[in-house]
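I have placed the structure first, in the form of structure tokens, so that the comments after it can refer back to it.
To find a chain, count down the sequence lines: A is the first, B the second, and so on, and within it residues start at 1. Below, each value reflects all heavy atoms present in this structure, side chains not excepted, and no hydrogens, waters or symmetry copies.
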Amino acid sequence: MFLDWLGALPGASAQGMIWGIMAIGVYLTYRILDLADLTVDGSICTGGAVCAVLVTSGVDVWVAMLAAFAAGLLCGLITGVLHTFMGIPPILAGILTQLMLWSINLKIMGKANIALPIRKYELLLAQIKTLQSILVLLAFVAVVVAILYWFFGTELGTSLRATGNNQSMSRAQGINTDFTKILGLVLSNGIVAFSGALLAQYQGFADINMGRGAIVIGLAAVIIGEAVVSRISSNFAVRLCGVILGGVIYYFVYQTVIFLGLDADLLKMLSAIVVAVFLAVPYWKKRFFAKPHRTKGGENHA
Amino acid sequence: MLEIKNLTKTFNPGTVNEKVALRDLNLTLRDGDFVTVIGGNGAGKSTLLNAIAGVWKPDCGSVIIDGVDITSMPEYKRAKFLGRVFQDPMLGTAADMQIDENLALAKRRGKRRGLAWGIRAAERAEYRQLLSTLDLGLETRLTSKVGLLSGGQRQAVTLLMASLNQPKLLLLDEHTAALDPKTAAKVLEITDRIVNESQLTTLMITHNMKDAIAHGNRLIMMHEGRIIIDVEGEEKKKLTVEQLLDLFSRASGKEFANDRAMLS
């Protein structure tokens, strides 16, 4: 029993890293832009669908993953336009895109499910090749973290962070906040769709339901990751690695509760409850445990 | 420099909450004018500044800066002409970003933001020097998050940000109103110094009549969306609060009413 559990950990790590990459996409919108974007439930499936369709029709897997990434960028663009140009609140904009993507994903795949077995196709990763998958994923994680670390240090990246922090200040400093919000949503969904392409290869199929509840897993990974690394360092790259770690921890816990004999049907409910509680903690802290605030003045506080 | 012609703005038109905030307002500022703006509740002071900053479009009229008509230019585009400090100290800075990052954001106001590094080493030295002129000890805290600073410190940093790159017009919207009196005095002193050093054309709303008289070279008083008093030079210097209140009641036929006004 214990050995079975131990044997499942490498697989859980691989799956955790895939969802960790997805969670980095969620981190970009939820933490940096301060928008809760529900597009991801659809765009992760779009990524998987595009990758599966292309690979099964003989396209090189690298090209297929690039196409999946590009498709994700478009998904983000839809939500961005709905939100900025059409003035729809971000949550609703994401839900609308998500619903559109349900149809689009079915049209892309032509059916609800496409098998993508590694014995038939040249894939980068697969469940039965756990070690190879982990190494490939580590490389992708390194690349994604490095690119984002660089990007958010640039003028453009800084203006994205400013937008998430304070929109009126950003506009007063000449930042086109509509543009930065669209850019953030585009980038986020590109990453999410890319993780969908990885997931389809790893699990050996793309499925119309593969994105259901993705936002909750993403949020869980972000929250767990922050809880783990926030005391170690506030460095941006460390935070991103924390999100990946959050995904891995999530899947370790997932495997563990399955081994403990929990009904797998209840897992989504459990995830949602855990995320709800974690989201409530900062609010409860403020409401019930805040120390009375005293306004300070005087020489040192001009 | 700044020309405002026939500016009119009505909020919630056609509803019970209809409010005419600006009525056919005209104002011309010369280069280097430092104008203080006072007025009662709902006189249209902030509305005037927001119209210049482009928070929304006016119903009619035009705003012209240095010959460029900016009336329908979006807020973020006209930002290159303007430096702004808000009443709420939280509004002017990005709390989760470092002091130097905030200054670097302001330094790039009106410029294209590309993939160059967001802040260069040479800039840090410049910012350290600028911060030291504030005399608040911030020059040693370049990498502190702005959210850790007090309200007064944040307003001082926002002032620095607003004055970077020599804006054509500095807009101060009661930027000391949320501070305690001692801190407010310090921030006003910094304001005076920055405006004088860089010869910035400035519009400063204040609720303190004494401050309005003591600072700047020109004073305007607003009432019901219009400018009813406009004094400058020697005449302004010699004004007293009593005379100002008297001028107000003669021009408007009413007693001066502002919940926050400080008359003494």
* Structure fact -> Given A/G153, A/S170, A/S234, A/G157, the one with more heavy-atom pairs under 4.5 angstrom with chain B than any other is A/G153
* Asked: By a 4.5 Å heavy-atom criterion (distance strictly below it), what part of A/F151 contacts chain B: side chain, backbone, both, or neither?
  -> side chain
* To do: Flag the pair B/Y76 / A/F179 as yes when their ring centroid distance falls below 6.0 Å, and as no otherwise.
  => no
* Contact class of B/R112 relative to chain A, heavy atoms under 4.5 angstrom -> backbone
* Asked: Is it true that A/E155 and B/K111 make a salt bridge, defined as a side-chain N closer than 4.0 Å to a carboxylate O?
  -> no
* Asked: CD1 of A/I78 to OG1 of A/T97: how many Å apart, nearest 0.5 Å?
  -> 6.0 Å
* Heavy-atom check, side chain of B/S46 versus side chain of B/L49, under 4.5 Å -> no
* Asked: With a 4.5 Å heavy-atom cut-off, do A/L66 and A/W62 have their side chains touching?
  -> no
* Option that, when pairs with chain A are counted at under 4.5 Å, heavy atom only, ranks first among B/G114, B/G147, B/A162 -> B/G114
* **Proximal component of B/T93, with respect to chain A [non-hydrogen, under 4.5 Å]** => backbone
* Is there side-chain contact between B/K107 and B/R120, with at least one heavy-atom pair below 4.5 Å? -> no
* Residues in residues 189-197 of chain B near chain A [non-hydrogen atoms, under 4.5 Å] -> none
* Between B/R108 and B/E123, is there a salt bridge with N-O shorter than 4.0 Å? -> yes
* Asked: For the candidates B/M97, B/R84, B/K80, which exhibits the highest count of non-hydrogen atom pairs separated by less than 4.5 Å from chain A?
  -> B/M97
* Asked: Any sub-3.5 Å donor-acceptor pair from B/R154's side-chain atoms to B/D88's backbone N or O?
  -> no
* Using non-hydrogen atoms and a 4.5 Å limit, figure out which bit of B/A95 sits close to chain A: side chain, backbone, both or neither. => both
* Asked: Would you call B/M73 and B/V63 a side-chain contact if the rule is heavy atoms closer than 4.5 Å?
  -> no
* To do: Sort out for me which of A/D178, A/T177, A/N176 touches chain B most, counting heavy-atom pairs under 4.5 Å.
  => A/N176
* Which region of B/A106, side chain (C-beta onward) or backbone (N, CA, C, O), has a non-hydrogen atom less than 4.5 Å from a non-hydrogen atom of chain A, or is it both or neither? -> both
* Are any non-hydrogen side-chain atoms of A/E226 and A/Y27 less than 4.5 angstrom apart? -> yes
